[in-house]
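As structure tokens, the structure follows; a few thoughts come after it.
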Amino acid sequence: MIIVDTALRKREAEGRPIRVGMIGAGFMGRGLANQIINSVPGMALVAIANRTLANAERAYTEAGVEPVRVEDASQLDTAISNGTPAVLEDAFELLKAVHLDCVVDVTGAVEFGARVTVAAIERGLPMVTMNAELDGTVGPLLAHRAREAGVVLTGADGDQPGVQGNLLRFVRGLGVTPLVAGNIKGLQDEYRTPTTQKAFAERWGQDPYMVTSFADGTKVSFEQAIVANAFGLTVPKRGMNGWDHDGHVDELTGRYDVDELRELGGIVDYVVKAKPGPGIFVLGTHDDPKQRHYLELYKLGTGPLYSFYAPYHLCHFEVPNSVVRAVDFGDAALAAPAGPHVDVVTTAKQHLTAGRTIDGLGGYDTYGVAESTAVTRAEGLLPMGVAEGCVLRRDVPKDAVLTYADVTLPPGRLVDQLREEQEKLFA
């Protein structure tokens, strides 16, 4: 992983920075813009596309840069050639620009994210996605399309799925078989809403719906589904264990049945309140008794489960690493190599009545829980990533999982077409 800094120094010395376009300019996008502009020599944020130009401009100005406004790919290419950062409304015009090396999706919008990701793949442009909601819905299909096109499509370093992915690869390199990939949360309450989370969102300058998706478990479900799909893991049960654990994650080595974990082929999970949070952990076994002797010497205990963890995840700070890995090394930090293993299914946050149009992720109507793909298919469960905008055909009680039979899908959405294609491809 450290090799990326050498690659960036070489690019900086040669005057050929990686030219990055960013789609989205919210809280996380502004952080990423500032990081690239002020802390990553050898990389240049050449353009930001956002439907509200003022927000794109804000991302630049907060980082100390004054951008110009452009309207299309031709004007954008001229600005890039002149070394002038640019903002524009149309993300698809950004994707047409010739002088781009990579694009980053920082939107979190499923339908729009699907359209820009498909366009980037068709354009042959490497993409780093911070759009966990899209990845957890049709990520395996998009990864397949990218491979077929010879394009790198990758999840991001820094966010918890990417940090887990790096640790899983590290652990496998030690000869350890990972059996649990875990996420450490500080709060889990399925019934949180944008109203309850309003003050927190305002304090940190975040969107209350996004903050609610963290609190109600939807986000962690998407994150763990992504990890499961990238590493062939499953869930121990619908919703995962989600234990409250006030101690250190090392103590979790005694909480799992190793034979059950082996029978399942490894699981994704999460814990609440554990230390060190808000990080991630991996629990695994080693089959070589000689190496187990060394692991005990190195203070990892006597097994059979050994604990590995990262005490933090630094989100946008690490995303530039993903860009370098994709552009210079053709390496995806996180991508599903085949079909899905885990989905995120839609669950009623309150009693829902027939005729109601379901609101967005992190809203008042639903929350997402992780479920095995086999169960999702067998029961016709409604993926959380397609729930927004669906109209209920019948009443659904609180905490019931919705099915496709419960709703009418909005017409003409790309995400529904992709979901259907994914099901057929990997059936």
Side-chain angles (χ1 to χ4, degrees), residues 1-7 154-155 157-185 223-224 226-236 240-241 243 245-314 317-318 321-322 324-325 329 331-337 341-342:
M1 286 295 298
I2 301 301
I3 197 172
V4 301
D5 61 345
T6 303
T154 175
D157 287 285
D159 218 352
Q160 282 171 305
V163 181
Q164 286 176 73
N166 289 335
L167 186 56
L168 283 160
R169 287 170 67 170
F170 169 78
V171 165
R172 284 179 171 176
L174 300 178
V176 171
T177 301
L179 293 176
V180 181
N183 197 316
I184 305 170
K185 291 198 61 181
E223 290 176 340
Q224 295 312 92
I226 294 167
V227 175
N229 293 338
F231 289 90
L233 307 174
T234 189
V235 289
M240 301 177 282
N241 289 315
W243 291 316
H245 181 74
D246 290 329
H248 197 280
V249 292
D250 286 349
E251 299 164 7
L252 295 172
T253 56
R255 192 153 187 179
Y256 291 93
D257 184 308
V258 176
D259 290 335
E260 289 182 1
L261 293 175
R262 286 195 177 109
E263 186 176 348
L264 290 167
I267 66 167
V268 289
D269 206 352
Y270 73 94
V271 292
V272 182
K273 301 175 185 175
K275 300 176 183 63
I280 59 93
F281 64 96
V282 170
L283 308 180
T285 59
H286 205 301
D287 293 333
D288 186 339
K290 300 185 296 297
Q291 298 292 45
R292 291 199 296 268
H293 179 75
Y294 283 102
L295 289 173
E296 184 178 359
L297 172 67
Y298 299 148
K299 310 305 180 188
L300 263 70
T302 59
L305 282 177
Y306 300 95
S307 172
F308 305 84
Y309 61 87
Y312 47 74
H313 66 290
L314 300 178
F317 286 95
E318 297 185 60
N321 292 344
S322 308
V324 186
R325 291 170 70 175
F329 301 100
D331 181 48
L334 201 67
H341 292 256
V342 172

Tell me, with the steps shown, if Val176 and Thr285 meet side chain to side chain contact (heavy atoms under 4.5 Å, CB included). CA-CA 5 Å; Val176 171; Thr285 59; 5.8 Å; no
Asp250 vs Tyr309, side chain to side chain contact (heavy atoms under 4.5 Å, CB included): CA-CA, chis, key distance, verdict: CA-CA 9 Å; Asp250 286 349; Tyr309 61 87; 3.6 Å; yes
Phe170/Asn166 under side chain to side chain contact (heavy atoms under 4.5 Å, CB included): CA gap, chis, key distance, verdict: CA-CA 6 Å; Phe170 169 78; Asn166 289 335; over 6 Å; no
Can you check side chain to side chain contact (heavy atoms under 4.5 Å, CB included) on Leu233 and Val342, steps first, answer last? CA-CA 8 Å; Leu233 307 174; Val342 172; over 6 Å; no
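The side chain to side chain contact (heavy atoms under 4.5 Å, CB included) test applied to Pro337 returns no partner, not counting sequence neighbours. The side chain to side chain contact (heavy atoms under 4.5 Å, CB included) test applied to Glu251 returns His245, His248, not counting sequence neighbours.
Between the side chain of Thr154 and the main chain of Leu334, a donor-acceptor pair closer than 3.5 Å is present. Listed for the Asn183 side chain is no donor-acceptor partner under 3.5 Å among the backbone atoms of Ile280. A distance-only check finds no donor-acceptor pair linking the side chain of Arg172 to the backbone of Pro178 [under 3.5 Å]. Under the 3.5 Å distance criterion, the side-chain polar atoms of Gln160 are left unmatched by any main-chain donor or acceptor of Gln224. A side-chain donor-acceptor contact under 3.5 Å links Asp157 to the backbone of Ser322.
Residues Arg292 and Tyr306 meet the side-chain proximity criterion, which asks for heavy atoms closer than 4.5 Å. The side-chain heavy atoms of Val163 and Tyr312, taken from C-beta on, include no pair separated by under 4.5 Å.
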Using atom types as modelled, flag every donor-acceptor pair under 3.5 Å from a side chain in residues 264-279 to any protein atom, sequence neighbours excluded.
{"unit_1": "Asp269", "atom_1": "OD1", "unit_2": "Asn241", "atom_2": "N", "d": "2.9"}
{"unit_1": "Asp269", "atom_1": "OD1", "unit_2": "Gly242", "atom_2": "N", "d": "3.3"}
{"unit_1": "Asp269", "atom_1": "OD2", "unit_2": "Asn241", "atom_2": "ND2", "d": "2.7"}
{"unit_1": "Asp269", "atom_1": "OD2", "unit_2": "Tyr256", "atom_2": "OH", "d": "2.7"}
{"unit_1": "Tyr270", "atom_1": "OH", "unit_2": "Gln188", "atom_2": "NE2", "d": "3.3"}
{"unit_1": "Lys275", "atom_1": "NZ", "unit_2": "Asp246", "atom_2": "O", "d": "2.8"}

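The CD atom of Glu223 lies 6.5 Å from the NE2 atom of His313; values are rounded to the nearest 0.5 Å.
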